[in-house]
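What follows is a short report on a single structure.
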Amino acid sequence: MAAPFEDLDPLLHSQLRLAIMSLLLSVREAEFNFLKEKTGATAGNLSTQISKLKDAGYLTMTKEFSGSYPLTRCAITPQGVSAFENYVQSLQRYLKPE
């Protein structure tokens with residue numbers, strides 16, 4: 001049995017990264033501008049946080065063009081879903097320690 005106050009995933013404990021993952025969990029895939037609008041983050045900060053999540057394997061990022069405009073899409077990975085679920089379970093143990 002896990003300790004009731006285990007370490008929280010530092011990647012998901014960031015407010016913006018948690019917001020990104022929460023959004024992707026509900027829609028599975030989203031365009032960069034959708035994430036930017038929903039989180040209220042600057043493009044630079046959002047890009048940095050997406051890169052950290054991508055490097056951890058929590059999401060994938062594809063870049064393409066729509067006409068002459070760049071289009072970046074992010075999608076949550078099975079590893080990202082699992083990490084998010086584990087994070088939520090850890091938080092629940094903080095709320096109701098045994």
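Positions are given from 1, in the same order as the sequence printed here. None of these values were measured; they are calculated from a predicted model.
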Problem set entry | Stepwise side-chain contact (heavy atoms from CB on, under 4.5 Å) check, Leu53 with Leu12 | CA-CA 9 Å; Leu53 292 167; Leu12 297 180; 4.3 Å; yes
Exercise. Can you tell me if Thr77 uses its side chain to pair, donor with acceptor, with the backbone of Gly57 under 3.5 Å?
Worked result: yes
For this session: Over all heavy atoms of both residues, which pair between Met61 and Thr72 is shortest? Give the atoms and the distance, please.
Result: CG-CG2, 3.5 Å
Problem set entry | Whether over 12 other heavy atoms sit under 6.0 Å from Asp7 CG | no
For this session: With sequence neighbours excluded, tell me which residues meet side chain to side chain donor-acceptor pair (under 3.5 Å) with Glu64.
Result: Arg73
Exercise. Between the side chain of Ser22 and the main-chain N/O of Leu18, is any donor-acceptor distance below 3.5 Å?
Worked result: yes
Exercise. Given Ile50 and Leu35, is the side-chain contact (heavy atoms from CB on, under 4.5 Å) satisfied, shown in steps?
Worked result: CA-CA 10 Å; Ile50 286 173; Leu35 295 172; 4.1 Å; yes
Exercise. Under 4.5 Å between any side-chain heavy atoms of Ile20 and Cys74, yes or no?
Worked result: no
Problem set entry | Thr39 side chain near Asn45 side chain, heavy-atom distance below 4.5 Å | no
Exercise. Can you name the nearest heavy-atom pair linking Ala30 to Phe34, along with the distance?
Worked result: CB-CD2, 3.5 Å
For this session: Kindly compute the distance separating NZ (Lys38) from NZ (Lys36), expressed to the nearest 0.5 Å.
Result: 14.0 Å
Cut-off 3.5 Å, no hydrogens considered: what does the side-chain donor-acceptor table look like for residues 79-89, sequence neighbours left out?
| residue | atom | partner | partner atom | Å |
| --- | --- | --- | --- | --- |
| Gln79 | NE2 | Ala56 | O | 3.0 |
| Asn86 | ND2 | Ser82 | O | 3.3 |
| Tyr87 | OH | His13 | ND1 | 2.6 |

For this session: Mind checking the CG-OH spacing from Asn33 to Tyr69? Nearest 0.5 Å is all I need.
Result: 12.0 Å
Exercise. Tell me, do Thr62 and Leu71 make a side-chain contact under 4.5 Å, heavy atoms counted?
Worked result: no
Exercise. How many angstroms lie between CG in Leu95 and OG in Ser90, if you round to the nearest 0.5 Å?
Worked result: 11.0 Å
Exercise. In Å and rounded to the nearest 0.5 Å, what is the CZ to OG1 distance from Arg17 to Thr48?
Worked result: 10.0 Å
For this session: Please name the pair of heavy atoms, one in Gln49 and one in Ser14, separated by the smallest distance, quoted to 0.1 Å.
Result: OE1-OG, 4.4 Å
